**Q** 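Please find one structure pasted underneath; my questions will follow.
Predicted model only: the values in this text are computed from it and were never measured.
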Amino acid sequence: MHRTRDMDVAKERIIDSITTARQVVGPKLRDDVAPAVVAALDTAREATAPARAEALNRAGEAVAALRGRPRVRRWQLLVAALGGLGAGLAAGIALSRAQQPAQPVQAAPERIPTAS
C-alpha cells in the first residue's frame, strides 16, 4: 500500500511540473519560436525553388524515359512552335494572295527624248 501512495504523489508532482512548464513555455513558443520557424521555412522554400523546379523537370523526364517516350527538350518545342507559326503565316499569306484578283499592269509612259 505504501508504494501506491508514493506513486500517486510522484504522479501528482509530474502533472504539476508539466502544467507549470506548459504555462511558462506555451506563450513563448507561440509568440517567439513559431513565427521564427515559419519565417525560416518560407526562406528555405524560396531559396530551394529553382532546385525543386529542376528536380520536378528531371523527374518528369525520367518517367518519360522509363515509359519509352522520347526525351523532348524545351528548345526543341520552341523551335517546333516557331516553325509551325512560320508555316501557318506563309500559308495564310499565300492564300490571301491567291484570293485577290490580279491587278493589271500599266505600261510605263514613253519618254520622248528631248534635244538639248
Side-chain angles (χ1 to χ4, degrees):
M1 298 280 173
H2 187 60
R3 289 183 106 170
T4 306
R5 191 171 49 103
D6 289 342
M7 291 290 282
D8 290 338
V9 169
K11 188 190 269 185
E12 288 298 320
R13 285 183 183 170
I14 290 173
I15 290 173
D16 290 341
S17 297
I18 291 174
T19 303
T20 304
R22 188 187 321 159
Q23 290 171 350
V24 170
V25 175
K28 188 165 198 83
L29 279 173
R30 184 178 53 246
D31 297 337
D32 296 338
V33 176
V37 169
V38 169
L41 289 174
D42 287 342
T43 302
R45 187 185 61 210
E46 291 172 6
T48 60
R52 287 184 291 118
E54 180 66 22
L56 183 63
N57 184 27
R58 287 183 182 218
E61 289 177 357
V63 169
L66 290 173
R67 290 182 178 169
R69 295 184 188 145
R71 183 175 170 186
V72 177
R73 293 191 173 98
R74 288 183 188 156
W75 67 269
Q76 291 171 332
L77 291 175
L78 179 64
V79 168
L82 290 176
L85 179 66
L89 185 62
I93 291 172
L95 185 62
S96 70
R97 285 188 180 171
Q99 290 177 350
Q100 291 177 354
Q103 298 290 330
V105 178
Q106 295 180 356
E110 290 186 30
R111 297 183 100 189
I112 300 174
T114 58
S116 29

**Q** Only counting residues at least two apart or in another chain, list the ones meeting side chain to side chain contact (heavy atoms under 4.5 Å, CB included) with R52.
**A** R45, T48, A49
**Q** With a 3.5 Å cut-off and sequence neighbours excluded, list the donor-acceptor pairs that the side chains of residues 14-42 form with protein atoms.
**A**
| from | atom 1 | to | atom 2 | distance (Å) |
| --- | --- | --- | --- | --- |
| S17 | OG | R13 | O | 3.0 |
| T19 | OG1 | I15 | O | 2.8 |
| T20 | OG1 | D16 | O | 2.8 |

**Q** Could I get the full list of salt bridge (charged side-chain N to carboxylate O under 4.0 Å, His left out) partners for E46, not counting sequence neighbours?
**A** none
